[in-house]
Participant: 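Quick one: the structure is below, and I'll ask about it shortly.
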Amino acid sequence: MHTPNVHQQPVIHRRSDAWFHDPDMYGFVRRAFAKSMGYDDQDLARPIIGIAQTQSDLNNCNNNFLELAEHVKRGVWQAGGTPLEFPTISLGELFMKPTTMLYRNLMAMDTEEMIRAHPLDGVVLLGNCDKTVPAQMMGAASANVPALILTGGPHLSGRFRGQSLGACSDCRRFWAEYRAGSLSEEELCEVEDGINRSDGHCTVMGTASTMAGIAEALGWALPHTAAIPAPDARRLRLAEAAGRQSVAMVQSAIKPGDFLTPRAFENAIHLIMALGGSTNAVIHLTAVAGRRGIPLPLDLFDRISRETPYITNLQPSGQFHMEQLHEAGGVPAVLKELARGGLLHLDERTVSGQTLGESLERVLPLGADGSSGTGWCGAERIIFPLDQPLAADGGIVVLRGNLAPLGAVVKQTAVTPHLRKHRGKALVFTSTSDLAARVDDPALEVSPETVLVLQNAGPKGAPGMPEAGSLPIPKKLLAAGVRDMLRISDARMSGTAFGAVVLHVAPEAAVGGPLGLVQTGDWIDVDLDARRLHLEVADDELARRRAAWQPPASLRQARGYTRLYVDHVLQADEGADFDFLTGGD
Ligand code: FES
């Protein structure tokens, strides 16, 4: 039925009013076209909540999103809003080539522009797989419309002959055993059948888990968003609560710019360190902060790493999975312990309208044993007290030296102890294709002490900064029992990977960084405790090599998005965002 008093209101008090209550002809036409979809004047007079839908048959991690969106809609209707679902690009880590990182900024632009261009008073962002959540964070931070993050949750732990498996840390472990000849074809097939047995993102503390945890620490997601498993009905009820909360955010005008403060980002970095989170989170968080004009220098990550013990026993640095973390109290229990140690800024705002401190008041402190309190899953301790940590420092450290003047990162909790301080001769691969062609050559001159160096795999060099940094151990060393070696590159590494891997070397080789000057046989010295990454080559010899250096062909992209990417992507220490997308409103 037509109710003239609704659309004749001249006052514009919500963003969507500029579309549906525009007194000009287009207000009339927009209402008419919305009515063709069954929405009436009452629907269009309510807060309009967009649901950014990234379900895709090409993204297994986001496969539960059609159902999740229905529950968000329920919550929006319950709270007096009108939900409108819209699609954006979806980036499925396993099915995209050459790398999803090439497209993170494209998805961020898609998300931002879809929000800006449409009659949305608020938005619920449905993301899950590695790049989808950071891309949505970046886009929503720039659009600065009330926005709430709802991730799809981790998948269930895998199963193989009585073992509980974590994808994809155990994918790598079993593949290495298969290459070494210690796992049969039949056993590998059995692992393949059981390692990922439900919807959801990788269940170890990889990039997706880390970014979901960060969303909670930033106050951008409701408590427990990160760890409730994807197939668990508690996530459906969380989705309804997220729908209701998105309407409340519109009513109280809480925008990302209100809670994305420098102190909130410090809270997020403390959480990364306590979780043993992914090195990719350093790049993503820097890019998100950059969208609000907030610099996050690498030295800030290193300072907070020195202040924050690693306390969460999750793969790949530890043993357990997100499923167990949820039973142990989830991210709120980790934040509660960090708060107990005075490591968080508790007066930061959250999407709930409460401060972070208020939202943690009802969280139980860590229990002393397996029968009481949080921190435990059955008889297994998942979250450790700050004064009995798994490691005294945080999970990630920042290295500097003549090989990385702008810094490099290492997930120190995943490094084999004897490689924390190492000096060895470089074996250089000039690209990912050179690596693939030679690494398993039986004639390769390599020993366990060799330092494997990969060049031209950074933001511009690859292009797209693929997760090529955990270079495979040469097959002949694997067969001899070697499982870790020192590896250095300007690439990234999957958050699910492990080993003595120095990443994100900046400036990258492709723009003339010193990494591009390394030659096979050079000595390299790495010391995690001293935060040192040093190439033992004299300055005059480096100057001679620099004079002869030529940029790689990857910098000359002929057309399309890849050309835009190479022309505008920033270095890893700046978040690898586009230079024209940083800055606040
Ligand atoms: Fe999507 Fe691992 S493949 S999070």
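Being a predicted model, the structure only gives us computed values, none of them experimental. Counting starts at 1 for both ligands and their atoms, following the listed order.
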Participant: Any side-chain donor-acceptor pair under 3.5 Å between N62 and T54?
Facilitator: yes

Participant: For R104 and H284, what are the C-alpha separation, side-chain angles and deciding distance, and is it a side chain to side chain donor-acceptor pair (under 3.5 Å)?
Facilitator: CA-CA 10 Å; R104 182 202 64 176; H284 296 322; 3.0 Å; yes

Participant: Does the side chain of S198 pick up a donor-acceptor pair with the side chain of H155 at under 3.5 Å?
Facilitator: no

Participant: Answer yes if the side chains of T413 and S317 hold a donor-acceptor pair under 3.5 Å, and no otherwise.
Facilitator: yes

Participant: Please check: side-chain N/O of Q245 versus main-chain N/O of V351, any donor-acceptor pairing under 3.5 Å?
Facilitator: yes

Participant: For atom 1 (Fe) of ligand 1, check which protein N, O or S atoms are under 2.8 Å away and list them.
Facilitator: C61 SG, C129 SG

Participant: With no hydrogens and no angle check, do the side chains of Y178 and E187 hold a donor and an acceptor under 3.5 Å apart?
Facilitator: no

